[in-house]
There are 2 protein chains.
Amino acid sequence: MPRLVHDTSAILDAAVRLLVAGSADAITIAGVIREAGVSSGSVYHRFPTRAALLAAVWNRAVEGFHAELEEHFAGEPVAAAAALGRHTVAWCRAHPADARVLLAGLGAFEPTSWSPESRERREAGQARWDRHVRRLLAGLRAETGRETAELLLVVIDVPYAAVRRYLSAGRDIPANLGDIVERLIRAQLA
Amino acid sequence: MPRLVHDTSAILDAAVRLLVAGSADAITIAGVIREAGVSSGSVYHRFPTRAALLAAVWNRAVEGFHAELEEHFAGEPVAAAAALGRHTVAWCRAHPADARVLLAGLGAFEPTSWSPESRERREAGQARWDRHVRRLLAGLRAETGRETAELLLVVIDVPYAAVRRYLSAGRDIPANLGDIVERLIRAQLA
DNA sequence: CGGCTTCTAGAGTTCTCTCTCTAGAGAGAT
DNA sequence: ATCTCTCTAGAGAGAGAACTCTAGAAGCCG
């Protein structure tokens, strides 16, 4: 066999398929070996433990999401909130498998057993994201006078809620759902 | 030992504690035996398989929720929707452990491996609930002219979204969250 | 060509889980 | 008092998962 017969991303894709078909707990090393058609040696060469595999699945999905969404924090607060809602829905529509990863929630990936490197990588990205969110919320509070709990619901939680119904049923996200979410956000922040 | 040493509900409570501490997959027969401090014989006497235990946990939680919420479907559609949202939040605040069960979603309880009796019991309750929801949505469509996807989001998904953030972080639900949700629903249906 | 390094294959160990099975305790009936 | 039925206790079998280990294949560099 030549070097690097198997693509690492193909192994992660197999893990995500297991999650989509079941739950995050369905991501087992044995399952990935079967699903990806590779040997246990190949998997363990890349991911020394199951925790490392789970960390890689989570970090890849969340970094993809952040990379595509981050630009929409720029600009005037209400417009930014509306754009974030719309593009969150659009991203989930375009990447339903990775969206399922995010919807499962960090807790399902057992972050307490991750290596320090995986943990730090996640925390750094999350801190960056949280800074953006806090700045946006501060802007919205100043502009609308609403309290944080309400803004969190409207700006962060509603887009996820809109999408969860379709993703967890394995159905496609309606094409106009982004419009609906954006309208709701604008109406609530008016 | 006398008859019925252990309470069946204590066994289900132990199962729910395992879910709250981890995930639905963390509900194992072996785990419940440890958590509840009973013998495997006692558990298997009540629940012949793990699937039967999972079915009992799910059905108990969902029936408690439906029993308390069902009355709020009565009355004028917009008022009913507002009441449902407010009381959904209130129920989750009062029963955070059972709320976690519902938030995990039916899929996490592997309903395909349930016994026909458990399955039918669930489906009967769900059908009853769905009839109420459909009737409410029909009323709201007539009154507001909005499409189903939007109404589902506002009336059904938003209350769950409001509550999920706090429950999955293990934090208490803010006392005024019910107000926030009710206001949002009324505003969107105006 | 020959050695070094990276990667792959898969057998084997240990652990945990589900489920079965047997022995027996205790309450109520006759 | 003893018999029956319900429930409990816990050992043990079988399956599957995480992880370890060893042998070796194949590219690269001299």
Side-chain angles (χ1 to χ4, degrees), chain A residues 1-58 104 108-119, chain B residues 1-19 21-58 104 108-118:
Chain A
M1 287 282 177
R3 284 186 175 194
L4 236 185
V5 168
H6 307 299
D7 194 358
T8 299
S9 72
I11 290 175
L12 292 179
D13 291 343
V16 173
R17 283 198 299 277
L18 294 175
L19 179 142
V20 169
S23 69
D25 301 71
I27 301 178
T28 65
I29 302 272
V32 167
I33 287 165
R34 281 191 298 271
E35 178 70 25
V38 301
S39 66
S40 72
S42 289
V43 175
Y44 278 103
H45 180 73
R46 293 168 172 77
F47 306 106
T49 62
R50 175 169 178 269
L53 173 65
L54 290 175
V57 169
W58 175 263
F109 293 83
E110 300 166 29
T112 54
S113 51
W114 290 9
S115 71
E117 295 76 40
S118 294
R119 207 197 318 277
Chain B
M1 285 286 174
R3 286 185 174 192
L4 237 184
V5 168
H6 307 300
D7 195 0
T8 300
S9 73
I11 291 175
L12 293 178
D13 291 343
V16 172
R17 283 198 297 279
L18 294 175
L19 178 143
S23 69
D25 301 72
I27 301 178
T28 65
I29 300 272
V32 167
I33 287 165
R34 281 191 299 270
E35 177 71 24
V38 299
S39 66
S40 74
S42 289
V43 174
Y44 277 103
H45 180 71
R46 294 167 172 76
F47 307 106
T49 63
R50 177 171 177 269
L53 173 65
L54 291 175
V57 169
W58 175 264
F109 292 82
E110 299 166 28
T112 54
S113 51
W114 291 8
S115 71
E117 295 76 40
S118 295

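The sequence lines fix the lettering, A, B, ..., with proteins before strands; numbering per chain opens at 1. Since the model is a prediction, treat every value here as computed from it, not as a measurement.
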Rounded distance (Å) that lies between atom P of C/dT16 and atom CD1 of B/Ile33: 14 Å
C/dC17 OP1/OP2 closer than 4.0 Å to side-chain N/O of B/Arg34: yes
Integer-rounded Å distance: D/dT8 C1' and B/Phe47 CZ: 15 Å
B/Asp7 CG to D/dT8 C1', straight-line distance once rounded to whole Å: 15 Å
B/Leu12 vs B/Val32 side-chain heavy atoms within contact, under 4.5 Å: no
Interatomic distance, B/Leu18 CG vs C/dC17 P [rounded to whole Å]: 10 Å
B/His45 side chain near D/dC7 phosphate (N/O to OP1/OP2, under 4.0 Å): yes
Pair listing, salt bridge (charged side-chain N to carboxylate O under 4.0 Å, His left out) test, anchored in residues 26-40 of chain B, at least two apart: B/Arg17-B/Glu35
Interatomic distance, B/Arg46 CZ vs C/dC19 C1' [rounded to whole Å]: 17 Å
Pairwise side-chain contact, B/Ile11 with B/Phe47, heavy-atom cut-off 4.5 Å (strictly under): yes
Nearest-nucleotide pick for A/Thr28, side chain only, options being C/dT8, D/dA18, C/dC19: D/dA18
Between protein and nucleic acid, restricted to nucleotides 11-13 of chain D and to nitrogen or oxygen atoms under 3.5 Å apart, what atom pairs and distances do you find?
residue : atom : partner : partner atom : Å
D/dA11  : N6   : B/Ser40 : OG           : 3.4

Proximal nucleotide (of C/dT18, C/dT8, D/dA17) relative to the B/Ile29 side chain: C/dT18
Shortest non-hydrogen separation from A/Trp114 to A/Phe109 and the atoms involved: NE1-O, 2.8 Å
Which residue lies more 5' along DNA chain D, comparing A/Arg50 with B/Val43 via nearest heavy atoms: B/Val43
Per A/Ser42 side chain, nearest of listed nucleotides D/dG10, C/dA9, C/dC19: C/dA9
A/Leu19, A/Ile27, A/Asp25 screened by side-chain contact (heavy atoms from CB on, under 4.5 Å) with A/Leu54, the one that passes: A/Ile27
B/Ala52 versus B/Pro48, closest heavy-atom pair with distance: CB-CD, 3.8 Å
Protein-nucleotide distance (B/Leu54, atom CG; C/dC17, atom P), rounded to Å: 14 Å
Under 4.0 angstrom between B/Ser39 side-chain N/O and D/dA9 OP1 or OP2: yes
Nearest-nucleotide pick for B/Tyr44, side chain only, options being C/dT18, D/dA18, C/dT8: C/dT18
Closest to the A/Thr49 side chain, choosing from D/dC19, C/dC17, C/dC19: D/dC19
Minimum-distance pair of heavy atoms, taken over all atoms of B/Leu18 and B/Gly31: CD1-C, 3.6 Å
Nearest-angstrom distance from the residue atom CG of B/Asp25 to P of C/dT16: 18 Å
Atom-to-atom span, CD1 of A/Ile27 to P of D/dG16 - whole angstrom: 20 Å
